[in-house]
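Working notes, structure below.
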Amino acid sequence: MTGLWRLPDHAVIGGKKYEIHPDFRDILEIFSYFSDPDLPEFLQWEIALALFYEEEIPEEHRLPAMEHFNWFVSGGRPQAAAPGPVLLDWEQDAQIIVADVNKVAGQEVREAPYLHWWTFLSYFRAIGEGQLLTLVSIREKLRTGKKLEPW
């Protein structure tokens with residue numbers, strides 16, 4: 001059995017196996033560097049690759065390593081070519097995200113010694129109605145100039 005039915009714990013790049021750090025906390029830490037406007041993009045990627053892979057990636061494998069990282073963080077799905085505006089901030093919205101994820105997971109996910117990013121994403125995608133959906137819809141209305149409800 002292959003593909004999305006297994007939780008990946010390594011990448012094969014240029015014929016070499018590289019162990020990765022797939023815990024959701026590792027990925028969220030990497031996201032914090034990508035959202036830092038003071039870091040140039042090349043440095044964001046240097047940090048991301050250093051934190052995601054257990055060993056240094058040789059220069060000739062950097063691009064495939066970056067592509068694998070993007071594939072991994074999108075849950076094994078192709079990423080949209082032109083993502084829309086950012087309506088969610090993993091750090092700013094952390095308390096709301098974790099509250100809704102905990103509800104779906106039936107546990108405090110931050111206390112789990114290990115939780116694979118794809119499992120976390122599955123919980124996240126199953127949130128449905130709740131605080132987070134309300135927050136994102138308000139941001140979308142503000143972004144598009146639509147009228148907000150009085151509440």
Side-chain angles (χ1 to χ4, degrees), residues 1-137 139-140 143:
M1 187 178 295
T2 60
L4 299 177
W5 292 108
R6 294 194 185 268
L7 298 175
D9 60 2
H10 68 277
V12 177
I13 301 168
K16 181 175 169 117
K17 181 178 175 180
Y18 293 93
E19 298 298 321
I20 62 171
H21 295 276
D23 187 80
F24 82 102
R25 288 162 283 241
D26 297 326
I27 303 307
L28 292 174
E29 180 183 358
I30 293 168
F31 285 175
S32 73
Y33 291 102
F34 279 120
S35 66
D36 184 342
D38 296 328
L39 284 177
E41 186 178 1
F42 83 91
L43 194 51
Q44 292 171 345
W45 274 108
E46 286 295 317
I47 294 168
L49 295 178
L51 292 175
F52 185 62
Y53 295 99
E54 287 202 8
E55 61 183 280
E56 188 173 341
I57 304 295
E59 188 62 41
E60 65 271 14
H61 294 154
R62 296 247 177 192
L63 183 58
M66 293 162 69
E67 290 169 350
H68 181 82
F69 174 79
N70 283 332
W71 171 84
F72 180 85
V73 298
S74 66
R77 298 176 176 183
Q79 284 196 312
V86 176
L87 299 175
L88 178 115
D89 183 305
W90 288 100
E91 288 186 53
Q92 177 183 327
D93 303 330
Q95 293 300 320
I96 294 171
I97 293 168
V98 81
D100 283 351
V101 167
N102 285 347
K103 191 184 310 180
V104 171
Q107 67 175 341
E108 172 54 71
V109 295
R110 293 171 294 186
E111 288 185 355
Y114 171 81
L115 183 64
H116 195 281
W117 172 247
W118 285 15
T119 303
F120 181 86
L121 271 183
S122 295
Y123 293 150
F124 179 78
R125 289 179 178 144
I127 289 174
E129 297 284 329
Q131 304 176 84
L132 188 60
L133 181 62
T134 302
L135 176 67
V136 169
S137 76
R139 286 179 181 158
E140 176 63 16
R143 185 187 72 78

**Asked** Which of parallel (below 30°), tilted (30 to 60°) and perpendicular (above 60°) describes Trp45 and Phe34?
**Response** perpendicular

**Message:** Does Glu60 have more than 12 heavy atoms from other residues, nucleotides or ligands lying within 6.0 Å of its CD?
**Reply:** yes

**Asked** Heavy-atom distance under 4.5 Å between the side chains of Val104 and Asp100, does that happen here?
**Response** no

**Item:** Counterpart residues, side-chain hydrogen bond (donor to acceptor under 3.5 Å, both in side chains), relative to Glu55 (two or more places apart)
**Value:** Lys16

**Message:** Please report the interatomic distance CG(Asn102) to CD1(Ile127), rounded to the nearest 0.5 Å.
**Reply:** 9.5 Å

**Asked** Angle class for the His116/Tyr114 ring planes (parallel below 30°, perpendicular above 60°, tilted otherwise)?
**Response** perpendicular

**Prompt:** Considering residues, nucleotides and ligands other than Arg77, do more than 12 of their heavy atoms fall under 6.0 Å from its CZ?
**Reply:** no

**Prompt:** At what distance, to the nearest 0.5 angstrom, does CG of Leu121 lie from CZ of Phe24?
**Reply:** 11.5 Å

**Prompt:** Would you find a donor on one side and an acceptor on the other, under 3.5 Å apart, between the side chain of Asp26 and the backbone of Phe52?
**Reply:** no

**Item:** Over all atoms of both residues, closest heavy-atom pair of Ser35 and Ser32
**Value:** OG-O, 3.1 Å

**Item:** Phe31 atom CZ: more than 12 heavy-atom contacts under 6.0 Å
**Value:** yes

**Message:** Under 4.0 Å between a side-chain nitrogen and a carboxylate oxygen: does that hold for Glu46 and Arg62?
**Reply:** yes

**Complete:** In terms of heavy-atom contacts, Pro64 and Ile13 come closest through CB-CG2, 3.7 Å

**Item:** Heavy-atom pair of closest approach, residues Leu51 and His21
**Value:** O-CD2, 3.1 Å

**Prompt:** Can you tell me how far the CD1 atom of Ile27 sits from the CG atom of Leu115, to the nearest 0.5 Å?
**Reply:** 11.5 Å

**Request:** Mark yes or no for whether Ser74, through its side chain, and Asn70, through its backbone, hold a donor-acceptor pair below 3.5 Å.
**Result:** yes

**Trp117 side-chain N/O to Val73 backbone N/O, donor-acceptor pair under 3.5 Å** = yes

**Item:** Value rounded to 0.5 Å, distance of CD1 in Ile30 from CH2 in Trp90
**Value:** 13.5 Å

**Message:** Could you check whether any side-chain heavy atom of Trp118 comes within less than 4.5 Å of a side-chain heavy atom of Pro22, counting everything from C-beta outward?
**Reply:** no

**Complete:** CD1 (Ile97) and CG (Asp89) are apart, to the nearest 0.5 Å, by 7.5 Å

**Request:** Any chance you could measure His61, atom NE2, to Met66, atom CE, to the nearest 0.5 Å?
**Result:** 14.5 Å

**Asked** What orientation do Tyr53 and Tyr18 show, parallel under 30°, tilted 30 to 60°, or perpendicular over 60°?
**Response** perpendicular

**Item:** Arg25 side-chain N/O to Arg110 backbone N/O, donor-acceptor pair under 3.5 Å
**Value:** yes

**Verdict with reasoning, Glu108 to Val98, per side chain to side chain contact (heavy atoms under 4.5 Å, CB included)** = CA-CA 8 Å; Glu108 172 54 71; Val98 81; 4.1 Å; yes

**Complete:** Closest non-hydrogen atoms of Ile57 and Ala65, given as atom of the first, atom of the second and distance, are CG2-CB, 3.8 Å

**Request:** Give a yes or no on this: more than 12 heavy atoms of other residues, nucleotides or ligands lie within 6.0 Å of atom CD of Glu41.
**Result:** no

